[in-house]
Amino acid sequence: MAPPRNSELPWDRFDPFGYLESNYRGMRADDAEILRRTHAWFAEQTGGAAGHGLDVGCGPNLYPGLAMLPVCRTVTLIDYSHRNIAWLRSHLEHCGEIWRPYWDLVSPGGRNGAFEQARRWLAERGRIEHGSVFDLPSAAWDLGTMFFVAESITGDHTEFTVAVTRFLSALRPAAPFAAAFMEYSAGYDIAGVEFPAVSIGERELLGCLAPHCAEVRIHRVGIGAQPLRAGYCGMLLALGTTRATAM
Ligand SMILES: C[S@@+](CC[C@H](N)C(=O)[O-])C[C@H]1O[C@@H](n2cnc3c(N)ncnc32)[C@H](O)[C@@H]1O
């Protein structure tokens with residue numbers, strides 16, 4: 001049987017509340033490491049200059065957006081699931097307490113402002129759009145994130161590659177990006193609904209990213225003593241910049 005494709009999956013049955021509870025209610029060590037590295041990468045690459053940020057396939061995860069906020073005039077949050085878009089519309093205006101420890105990593109000692117500041121910025125700078133990674137415009141954003149999306153929205157390896165390529169081509173030449181992936185994922189369940197995944201490791205990921213990047217480095221984050229769920233081996237964080245010329 002052919003692996004399931006993105007358009008065949010029940011994205012409007014993706015439960016943002018269940019997903020948020022099981023993934024982000026308490027900040028995990030792996031997410032903390034990913035967030036710290038991502039924020040540091042953007043701070044270093046932008047030198048603090050403000051640009052337009054993209055988080056694609058954001059779901060109810062606000063931490064990639066928080067990582068970009070201090071260096072962004074706008075942060076566009078795009079998702080394909082209408083349920084996730086509805087969740088974002090009702091939560092972006094008043095970012096919940098759950099995100100406070102995540103913001104504390106982005107703003108240690110209040111260096112980038114207090115949590116109240118982050119809340120105001122999210123409400124002012126956040127833009128919510130329903131859309132697909134496969135239909136993103138080219139060269140439209142200055143920096144971007146895509147966390148646990150390309151490998152977790154399809155069972156089809158070619159679609160995984162296309163999703164990665166489309167994400168990178170939505171960024172301007174030489175733009176910094178951060179992209180996170182589940183390593184060797186066997187798929188996942190959210191509130192009783194099964195979603196497939198493409199099983200990838202460091203080598204496949206690098207092979208997919210490198211042709212479109214001026215620079216890219218993959219950080220492997222081990223599974224640790226308390227895995228998020230069964231059926232994966234760790235997390236992979238790719239930090240890089242897109243090629244200096246348009247894709
Ligand atoms: C595993 S979740 C990851 C959510 C979030 N980025 C995170 O870090 O936890 C995959 C997300 O991709 C979204 N998605 C599915 N198909 C998509 C598509 N074609 N374009 C953009 N987002 C899509 C889903 O609705 C869901 O929010």
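Computed from a predicted model, the values in this text were never measured in an experiment. For ligands, and for the atoms within them, numbers begin at 1 and follow the listed sequence. Sequence positions, counted from 1, serve as the residue numbers for this chain.
Judged by the shortest distance from any of its heavy atoms, D79 lies inside the 4.0 Å radius around the atoms of ligand 1. In this structure, Y24 is part of the shell of residues with a heavy atom less than 4.0 angstrom from ligand 1. Within the 4.0 Å heavy-atom cutoff, Y63 does not count among the residues contacting ligand 1.
Ranking the protein heavy atoms by distance from atom 5 (C) of ligand 1 puts C58 O, 3.1 Å first. Regarding atom 12 (O) of ligand 1, its nearest protein heavy-atom neighbour is I153 CG2, 3.5 Å. Protein heavy atom at the shortest distance from atom 8 (O) of ligand 1 is N61 ND2, 2.9 Å. Distance from atom 16 (N) of ligand 1 to its nearest protein heavy atom, with residue and atom name: N6 ND2, 3.0 Å. Closest protein heavy atom to atom 11 (C) of ligand 1: G57 O, 3.5 Å. Protein heavy atom in closest approach to atom 18 (C) of ligand 1: Y80 CB, 3.5 Å.
Of all atoms in ligand 1, numbered sequentially from 1 with element shown, those under 4.0 Å from a heavy atom of F134 are 19 (N). The F147 neighbourhood of ligand 1 comprises atoms 3 (C), 5 (C), 6 (N), 7 (C), 8 (O), with distances under 4.0 Å to a heavy atom of that residue. Atom numbering of ligand 1 starts at 1 in the shown order; those under 4.0 Å from a heavy atom of G59 are 27 (O). Atoms of ligand 1 lying under 4.0 Å from at least one heavy atom of S81, given by number and element, are 25 (O).
Considering Y19, W11, W87 only, the shortest heavy-atom separation from atom 2 (S) of ligand 1 involves Y19.
We find the OG1-CZ distance between T158 and F160 to be 11.0 Å, quoted to the nearest 0.5 Å. Note that the CG atom of L105 and the NE2 atom of H39 stand 9.5 Å from one another [nearest 0.5 Å].
The aromatic rings of W121 and W103 sit perpendicular, their planes meeting at an angle over 60°, well past the 30° parallel limit. Between Y102 and Y63, the ring planes are parallel. Angles under 30° get that label, and only those over 60° would be called perpendicular.
Under the 4.5 Å side-chain heavy-atom criterion for grouping Ile, Leu, Val, Met, Phe, Trp and Tyr, F17 is connected to I190 within one hydrophobic cluster. Y184 and V164 fall into different hydrophobic clusters, defined by Ile, Leu, Val, Met, Phe, Trp and Tyr side-chain heavy atoms under 4.5 Å apart, directly or through other members. Tracing side-chain contacts under 4.5 Å through hydrophobic residues (I, L, V, M, F, W, Y), one reaches I98 starting from L77; they form part of the same cluster.
Contact annotation: for F148 versus ligand 1, heavy atoms closer than 4.0 Å belong to both the backbone and the side chain.
Considering backbone and side-chain N/O atoms, V133 comes within less than 3.5 Å of an N/O atom of ligand 1. Considering both main-chain and side-chain atoms, N84 comes within under 3.5 Å of ligand 1 through a nitrogen or oxygen pair.
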Solution key, residues 47-60 side-chain donor-acceptor pairs under 3.5 Å, sequence neighbours excluded:
unit_1	atom_1	unit_2	atom_2	d
H52	ND1	T74	OG1	2.6
D55	OD1	T145	OG1	2.8

Could you pull out every donor-acceptor pair under 3.5 Å between side chains of residues 200-218 and any protein atom, sequence neighbours left out?
unit_1	atom_1	unit_2	atom_2	d
E204	OE1	G201	N	3.0

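With contacts defined as side-chain heavy-atom distances shorter than 4.5 Å, the pair M235/F181 does not qualify.
A donor atom on one side chain and an acceptor atom on the other are not found under 3.5 Å apart for Y24 and D31.
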